[in-house]
Each structure stands twice: as C-alpha cells, then as structure tokens.
Amino acid sequence: MKVRKAVIPAAGLGTRMLPATKTVPKEMLPMVDKPVLQYIVEEAVEAGIEDILIVTNRAKSAMDDYFDYYPELEHRLERAGKEKELEEVKKAADLANIFYVRQKETRGLGHAIYRAKRFVGDEPFAVLLGDDIMRARNPVIGQIIAAAEKYDSSAVGVQQVPDEIVSKYGVVKPEALEDHVFAVRDMQEKPTLAEKFSNYAILGRYVLKPDIFDILEHQAPGYGGEVQLTDGLRTLSAQGKVLAVDFEGRRYDTGNLKGFLEATIDFALDHPETGEWLRRFLLEKAQTL
Ligand code: UTP
C-alpha cells in the first residue's frame, strides 16, 4: 500500500482560543512568521504527500486565500526589489496540490473526516490535525506512514503522557509488535484515570484505510455529542486493523493558549531573526521574576 494523499481537518470552532478565534481561524494564527497551518502542510509535503484536502467551514476562507497567488502583492514586492518576501509569499501557494471541502455543520472530527470520502476514493490516506504542530528529525506523519505501509494497516501516532493529562486524549490498549510499533487491541476517548487502558495518547497524526468511511457513515455521536474518530477507530481495532506508532518528535497543541505560547517561544528561539534576541530578553526577564 502507498499513502499519497493527506487530509487536514481544520473546521473546528476553536473555542479554547476565543476571542482571538472569533474571526481568525486558529490554524491561521501566526507561529512566529508563518501561520500554524503552513507548518502542517510542510510536514505532509516533506513526507512525500502531494495532494492535500483541507476540511474547512464558512468562517475560514482565510485558509484557502493563503495557499493562493496574490498578484497585486507580488507585483508590489517585485517592484520594491523585496525578493525574499516575494519568494516566501509565493512559496505557500506552490507547496502542494491543495483542495478544500466544507464541513457544513461542526459535528466532530469523525464527521469532518467523512467529508474526505470523495477525495480519498479507495486509497489509504494520512490525517494531520490542523492545530497540532510537530517538530522532529523525520516528519512525524512520515514515521506513521512507514509503519502503516509496512503492515498494510491503519495507524495512529501516540506518545506516553502523564496521568494529569491522559483524560484529555484518545487512549490505546497497546500490544508490542516491534520497537515503537504496537497492535491496538482497544481504544477509548477521554478515559478517567481509573478506566484508562494505558498512558499512550493519540496525538494528532493518523493513517487511515478507506474502510473507516463505512464505519464513520453510521457512527453515533459520542463524547461531547460529537462524532468521534476514536470511536470509529475502536471498531477497526476490535478487528485487529489498527497500529499505534510511538513517534519520535515533540508535539505542540497550538489550539490552547499554553500550548500556543510554548510553541511560539520554542520556534522563536530557533528562528534566525529572533532567536538570539529572545534568548537575551528571556534571561533579563527571568531576573525580574
Ligand atoms: P479540537 O477539539 O482540537 O478543535 O479538534 P476545536 O473543536 O476547534 O477546538 P475547541 O475545543 O473548540 O477549542 C481536533 C481537530 O478536529 C477538527 C479541528 O479543526 C481540529 O483540527 N475538527 C473538530 C473539525 O474539523 N470539525 C469538527 O467538527 C471538530
């Protein structure tokens, strides 16, 4: 099996980042000098994906505008000799073949993924959540794809998280197959500490085979009244059709304020234009705290 397509669900309401996200999609908030969504598209492209579907909604047209040309701006930059800026502006539009579909009602991640059925057809596909940025030596989605292709299976990206936060995630019941790769025996969405199968939480990256659509089509709403992808995957895991890959890399959830700030500081520290300045600023600041 070969994974050639990716889906980025980005149609959530972003209520944890209000009021900023009332009119600006959380995926378009700047992570230093690029919107969050660009990092996610770049991760997919680095892993060899060429066709990407973004699931969007009526309040998020800034996302499709961003990956388009902007001739008036480009001419202005060209005339002003601002070559670096021109290159950056055009780069976003040329990253990949990007397609869009709207989720007409915000009915959960599983419902958003179901909107990709026509785009995906009969192929396996990668899923990258629109607000989870990964930093890794090898693109995280590429690590999941490698295991999924090897075992010809759907797969989820996991990492161990501490007890204090495990109840915020989808959690797997793992059985070791090889280093960093597990067969998933069962799954649960946001378990209590007493009920959790393990501390392996699903963190924003998946490879799905198209049999997930038959399940999602009839999936009843679950936690929070939303159609949960984890519930659909649970049915597949009971049939022995899901792997978990304990991936290498750091994941930032930019969909909540603290995660967004952590990512901003780490990315700004590594950015050639801001790194040295921010390091000094933080050290000075630390003296006064
Ligand atoms: P989240 O729960 O992180 O996003 O969903 P949210 O619903 O926007 O966030 P809050 O809780 O209100 O702050 C995980 C992913 O699923 C997408 C989101 O855009 C995010 O990438 N999603 C969620 C959809 O595309 N559609 C939905 O109906 C729900």
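Start at 1 with the first residue, then count along the sequence. Just follow the structure's listing: the first ligand is 1, and inside any ligand the first atom is 1. Here the structure is a predicted model, which is why all the values come from computation and not from measurement.
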Backbone of R102 reached by a side-chain donor or acceptor of R115 within 3.5 Å: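 Side chain of R115 to backbone of R102, a donor-acceptor pair under 3.5 Å: yes, one is there.
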D246 side chain vs Q159 backbone, donor-acceptor pair below 3.5 Å: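 Not at all, since once roles are kept as given, no pair shorter than 3.5 Å links the two residues.
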Is [X] close to ligand 1, meaning an N/O of one under 3.5 Å from an N/O of the other?
{"X": "L13", "result": "yes"}
{"X": "V55", "result": "no"}
{"X": "T15", "result": "yes"}
{"X": "P9", "result": "yes"}

Can you report which non-hydrogen protein atom sits closest to [atom], along with the distance?
{"atom": "atom 22 (N) of ligand 1", "result": "G12 N, 3.6 Å"}
{"atom": "atom 26 (N) of ligand 1", "result": "Q103 OE1, 2.7 Å"}
{"atom": "atom 28 (O) of ligand 1", "result": "G108 N, 2.7 Å"}
{"atom": "atom 1 (P) of ligand 1", "result": "R16 NH2, 3.8 Å"}
{"atom": "atom 25 (O) of ligand 1", "result": "A11 N, 2.9 Å"}
{"atom": "atom 16 (O) of ligand 1", "result": "L109 CD1, 3.4 Å"}
{"atom": "atom 14 (C) of ligand 1", "result": "L129 CD1, 4.0 Å"}
{"atom": "atom 9 (O) of ligand 1", "result": "K26 NZ, 3.3 Å"}

Stacked cation flag [X] on [Y], 6.0 angstrom / 45 deg:
{"X": "K5", "Y": "F125", "value": "no"}
{"X": "R16", "Y": "F260", "value": "no"}
{"X": "R250", "Y": "Y252", "value": "yes"}

Number the atoms of ligand 1 from 1 as they appear, then name those within less than 4.0 Å of a heavy atom of [X], with their elements.
{"X": "R107", "value": "28 (O)"}
{"X": "T106", "value": "27 (C), 28 (O)"}
{"X": "A112", "value": "24 (C), 25 (O), 26 (N)"}
{"X": "D131", "value": "3 (O), 20 (C), 21 (O)"}
{"X": "E27", "value": "19 (O)"}

M17 contact mode with ligand 1 (heavy-atom cut-off under 4.0 Å):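 Neither part.
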Side chains of [X] and [Y], donor plus acceptor under 3.5 Å:
{"X": "Y66", "Y": "Q38", "answer": "yes"}
{"X": "H111", "Y": "Q103", "answer": "yes"}
{"X": "Y151", "Y": "E178", "answer": "yes"}

Test item, E105 contacting ligand 1 (heavy atom, 4.0 angstrom):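 It does not, in that no heavy atom of E105 comes within the 4.0 Å cut-off of ligand 1.
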side-chain contact (heavy atoms from CB on, under 4.5 Å) against T21, all qualifying residues, sequence neighbours excluded: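 Expected list: M17, L18, K26, L29.
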Partners passing side-chain contact (heavy atoms from CB on, under 4.5 Å) against K258 (at least two apart in sequence or in another chain):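 K258: side-chain contact (heavy atoms from CB on, under 4.5 Å) contacts with N256.
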Aromatic ring pairing Y114/F213, orientation class (parallel under 30°, perpendicular over 60°, tilted between):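 Rings of Y114 and F213: perpendicular, as their planes differ by over 60°.
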Partner of Y206 under side-chain contact (heavy atoms from CB on, under 4.5 Å), chosen from V156, V242, I113: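 With Y206 as partner, V156, V242, I113 yield a single side-chain contact (heavy atoms from CB on, under 4.5 Å), made by V156.
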Verify atom 5 (O) of ligand 1: protein non-hydrogen atom under 4.0 angstrom away: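 Within 4.0 Å of atom 5 (O) of ligand 1, no protein heavy atoms are found.
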